[in-house]
*Asks:* 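Here's a structure for you.
Ligands are counted one by one from 1 in listed order, and the atoms in each one are counted from 1 as well. Predicted model only: the values in this text are computed from it and were never measured. Along the sequence shown, residues are numbered consecutively beginning with 1.
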Amino acid sequence: MERKTVLLVDDNPSNLKLLVDCLESHDFRVAVATNGDEALKRLQRAHLAKPDLILLDIMMPGIDGYETCRQIKLIPEISDIPIIFLSALSETPDKVYGFSLGAVDYITKPINLAEMIARVNTHLDLSELRRKLDRLVQKRTQELLDVNASLRHQIEERERAEAQIRYIATHDSLTDLPNRFLMAERLDQLIKRAHRYNERIALMFLDLDQFKIVNESLGHRFGDMLLSDVAYRLKDAALTADAVARLGGDDFVICLPLHDENEDVIATAKTMLEALREPFYINDINIHVSASIGVAVYPDDGKDADRLMRNADAALYCAKQAGRAEIKRYTTELDTAAHEHLNLSSLLTDAIREGELCMEYQPQIELNTGKIIGAEALMRWRRADGTYISPAEFIPVAESSGQIKVLGEWGIRQSCAELKRWHDAGYTDLSMSVNVSVPQLHSAGFVDTVQSIIEEYQLPPAKLELEITESLLMQHSKTNLNILHTLSDFGVLLSVDDFGTGYSSLAYLQDFPVNTLKIDISFVRNIGTDSGDAIPSAIVAMAHSLGLNVVAEGVETGAQEAFLRSQGCEYAQGFHYSRSVPGDRFLELCKAGISTADNR
Ligand code: C2E
Ligand code: CA
Ligand code: CA
């Protein structure tokens with residue numbers, strides 16, 4: 001065991017001698033001071049070994065033992081050294097005073113040496129134990145602090161990660177706008193607030209006009225950049241953080257509390273459209289963009305988020321129907337329209353029975369020669385009372401009621417019978433395009449029906465073309481591919497109707513056995529306007545690169561025709577040549593030839 005050092009402080013030389021001898025004989029190292037000052041000086045001299053225990057006489061010249069003890073306890077480095085007073089005094093009050101100064105024990109004079117050694121050893125052991133305990137406590141404390149710090153770090157990390165995950169889950173990565181979930185949450189909160197304070201909220205659904213075609217003709221990267229810029233402008237115009245969200249694609253939502261009771265929501269919606277009015281400058285291209293907006297207002301048009309969103313969506317649908325850059329507020333008439341839907345369906349049942357339906361044929365012209373090469377069959381419904389109902393109205397009704405199967409089959413049969421008459425009259429080059437809607441194509445036995453009709457009228461299958469909509473290509477399902485491939489293998493031709501208005505990806509076109517693209521009437525209408533030429537010419541170029549023919553729909557002017565011809569578009573139809581006509585009249589047109597001046 002290591003030798004311990006005892007500092008002995010006493011002014012009495014004989015006492016000193018006695019004690020030093022005794023301590024040394026018990027293997028202690030002994031340092032000596034003869035008064036308090038000397039003891040303190042010695043203790044402060046850092047190079048001297050720190051004693052393990054101090055034996056301190058109380059009665060000394062100069063500063064006495066009590067004062068020496070008090071000063072030792074003030075010095076942190078040595079305050080832990082156990083001090084035992086040596087005293088001739090045995091009165092209790094002085095002992096208590098000594099303990100209160102921090103002494104651990106008293107040895108009274110005359111000193112019993114054995115007792116002194118025993119007490120010294122006891123206090124050295126105690127002091128050692130205390131030091132050990134202190135160290136242990138310190139170590140444990142440090143460990144706890146470390147664990148604590150690491151826990152805090154972990155918690156912070158997790159909070160950061162959670163915040164990040166929440167951000168990603170609630171925001172659109174392209175535009176950084178809130179997404180559908182965050183928007184719905186926010187709308188709920190706004191509704192609660194508005195309910196409490198009797199406020200109104202405008203919920204706007206905004207959809208870019210013809211964004212898809214921008215995307216397809218200028219590339220997805222371009223489309224993405226455009227969406228980001230649009231998002232930025234909308235956010236800027238909304239003036240409220242988090243007011244604008246992106247639902248996906250080119251669908252945005254703007255959700256604004258209306259502060260003023262008289263605030264005009266349509267005017268507010270107009271400021272949104274106004275924000276998009278300046279052209280966007282992207283990749284050295286100046287591009288004009290317009291959008292349509294459907295508005296629903298809390299509480300007038302819906303009392304909960306669900307209904308408001310549905311109604312804003314319905315209003316948007318209505319705005320899109322009305323054309324470009326339209327704003328429509330939800331009205332209950334939209335619901336009435338749904339009721340009329342039901343009514344129309346029962347009228348349609350009668351129409352089929354009463355024979356109010358007929359097919360008419362719109363000539364399709366080869367642009368190079370001006371010759372009629374075929375017809376698009378269009379269904380007509382003139383009611384007994386003389387009213388005319390557009391197929392744009394009754395076909396969707398027939399689709400949702402299931403009547404389309406019977407109606408469509410009837411239309412194909414009529415058209416094939418008519419084509420047979422034309423062929424028999426000697427116009428064997430003529431072909432017939434018939435519109436087929438998605439539910440019709442999916443109805444049981446559709447392919448067999450088409451085949452048996454063609455066989456019944458002994459027509460070359462390639463003289464029948466079925467027009468399908470882009471939305472079908474979007475559903476890239478096995479069933480769709482199977483149906484279209486079976487038809488195509490049989491020899492029937494397929495065309496994509498209203499091309500550019502749907503959401504098909506051009507990549508999909510390659511997977512479908514399509515022969516022809518029909519440029520939608522809305523693009524033809526814009527020929528000759530600012531930036532209106534770009535899309536038809538892009539569609540023609542792209543169709544040709546995929547080996548497809550192009551038919552332009554809705555050609556109404558010579559200028560449109562000239563432009564389309566200059567772009568290499570092969571075929572056209574439209575009022576410029578002829579409206580749809582009954583079958584007999586069509587044959588007359590074939591005989592006489594089309595003079596564009598007469599039929600405009
Ligand atoms: P669609 O297939 O896009 O038909 C072309 C529409 O444009 C026809 O409207 C036609 O009359 C009209 N149109 C043709 N040339 C011009 C023009 O120069 N200017 C203008 N403004 N319009 C022109 P319609 O006949 O009202 O048909 C509407 C839609 O109903 C058709 O659109 C088609 O999707 C559907 N449809 C018509 N007949 C049938 C059918 O027998 N079966 C099915 N499933 N759908 C049909
Ligand atoms: Ca069509
Ligand atoms: Ca069309």
*Asks:* Below 3.5 angstrom, do we get any N/O pair linking D498 and ligand 1?
*Replies:* yes
*Asks:* Need the atom name: nearest N/O/S atom of E467 to the Ca ion (ligand 2).
*Replies:* OE1
*Asks:* Between N435 and the Ca ion (ligand 2), is there a contact where an N/O/S atom of the residue lies under 3.0 Å from the metal?
*Replies:* yes
*Asks:* Decide, counting backbone as well as side-chain atoms, whether D498 has an N, O or S atom less than 3.0 Å from the Ca ion (ligand 2).
*Replies:* no
*Asks:* What does the angle at the Ca ion (ligand 2) come to, between atom OE2 of E376 and atom OD2 of D497, rounded to 10°?
*Replies:* 170°
*Asks:* Judged by atom type as modelled, is there a donor-acceptor pair below 3.5 Å linking the side chain of E393 to the main-chain atoms of I389?
*Replies:* no
*Asks:* Does ligand 1 have an atom that lies less than 4.0 angstrom from a heavy atom of G408?
*Replies:* no
*Asks:* With the threshold set at 4.0 Å, does a side-chain nitrogen-carboxylate oxygen contact exist between E467 and K518?
*Replies:* yes
*Asks:* Under 4.0 Å from a heavy atom of G574: give me the atoms of ligand 1 that qualify, with their elements.
*Replies:* 15 (N), 18 (O)
*Asks:* Which residue pairs pass the ring pair (Phe, Tyr, Trp, His ring centres under 6.0 Å) test with at least one member in residues 350-384, sequence neighbours excluded?
*Replies:* Y361-W422, W381-F394
*Asks:* If we only count heavy atoms from C-beta on, is the V524 to S522 side-chain gap below 4.5 Å?
*Replies:* no
*Asks:* Between T469 and ligand 1, which residue portion shows a heavy-atom distance shorter than 4.0 Å: side chain, backbone, both, or neither?
*Replies:* neither
*Asks:* Only one of R380, Q362, R585 clears side-chain hydrogen bond (donor to acceptor under 3.5 Å, both in side chains) with S580; which?
*Replies:* R380
*Asks:* List every atom of ligand 1 that sits less than 4.0 Å from any heavy atom of S390, numbering the atoms from 1 in the order shown and giving each element.
*Replies:* 26 (O)
*Asks:* Does this structure show an ion pair linking E326 with K328, if we count only N-O contacts that are shorter than 4.0 Å?
*Replies:* yes
*Asks:* Heavy-atom distances under 4.0 Å are what count here, so tell me which part of D497 touches ligand 1: side chain, backbone, both or neither.
*Replies:* side chain
*Asks:* Between the side chains of D300 and R329, is the shortest nitrogen-to-carboxylate-oxygen separation below 4.0 Å, so that they form an ion pair?
*Replies:* yes
*Asks:* Would you kindly check if the NZ (Lys) or CZ (Arg) of R307 is within the cone defined by 45 degrees around the ring axis of Y298 and under 6.0 Å from the six-membered ring centre?
*Replies:* no
*Asks:* Would you indicate which of P391, G554, S578 comes nearest to atom 37 (C) of ligand 1 when only heavy atoms are counted?
*Replies:* P391
*Asks:* Answer yes or no as to whether an N/O/S atom of E553 is found below 3.0 Å from the Ca ion (ligand 2).
*Replies:* no
*Asks:* Counting heavy atoms only, which of E556, Q440, M379, R380 is nearest atom 25 (O) of ligand 1?
*Replies:* R380
*Asks:* One residue to check: E553. Relative to ligand 1, which of side chain, backbone, both or neither has a non-hydrogen atom less than 4.0 Å away?
*Replies:* side chain
*Asks:* Extract all donor-acceptor atom pairs below 3.5 Å that involve side chains of residues 402-410 and protein atoms in other chains or at least two apart in sequence.
*Replies:*
residue	atom	partner	partner atom	Å
Q403	OE1	S345	OG	3.4
Q403	OE1	S401	OG	2.6
Q403	NE2	S345	O	2.9
Q403	NE2	T349	OG1	2.9
K405	NZ	A444	O	2.8

*Asks:* At a 4.0 Å cut-off, with the gap strictly under it, does some heavy atom of H576 reach an atom of ligand 1?
*Replies:* no
*Asks:* Using atom types as modelled and distance alone, determine if a side-chain donor or acceptor of T486 lies under 3.5 Å from a backbone N or O of N482.
*Replies:* yes
*Asks:* Taking T557's backbone N and O only, do any of them form a donor-acceptor pair with Q560's side chain (distance below 3.5 Å, no angle check)?
*Replies:* yes
*Asks:* With a 4.0 Å heavy-atom cut-off (strictly under), which part of L378 contacts ligand 1: side chain, backbone, both or neither?
*Replies:* both
*Asks:* Within a distance under 4.0 Å of any heavy atom of I521, pick out the atoms of ligand 1 and give their elements.
*Replies:* 19 (N), 20 (C), 21 (N), 22 (N), 23 (C)
*Asks:* Nearest non-hydrogen contact with atom 17 (C) of ligand 1 belongs to which option: Y388, F575, Y577?
*Replies:* F575
*Asks:* Using a strict cut-off of less than 4.0 Å between a Lys/Arg side-chain nitrogen and an Asp/Glu carboxylate oxygen, indicate whether D209 and K320 qualify as a salt bridge.
*Replies:* yes
*Asks:* Give a yes or no on whether a salt bridge exists between D424 and K420, defined as a side-chain N under 4.0 angstrom from a carboxylate O.
*Replies:* yes
*Asks:* Give the single entry among E360, Q362, E467 that approaches atom 15 (N) of ligand 1 most closely by any heavy atom.
*Replies:* Q362
*Asks:* Can you tell which part of M359 has a heavy atom less than 4.0 Å from ligand 1: side chain, backbone, both or neither?
*Replies:* side chain
*Asks:* Given that the side chain starts at C-beta and the backbone is N, CA, C, O, which of these parts of V555 lies under 4.0 Å from ligand 1, counting heavy atoms, or is it both or neither?
*Replies:* backbone
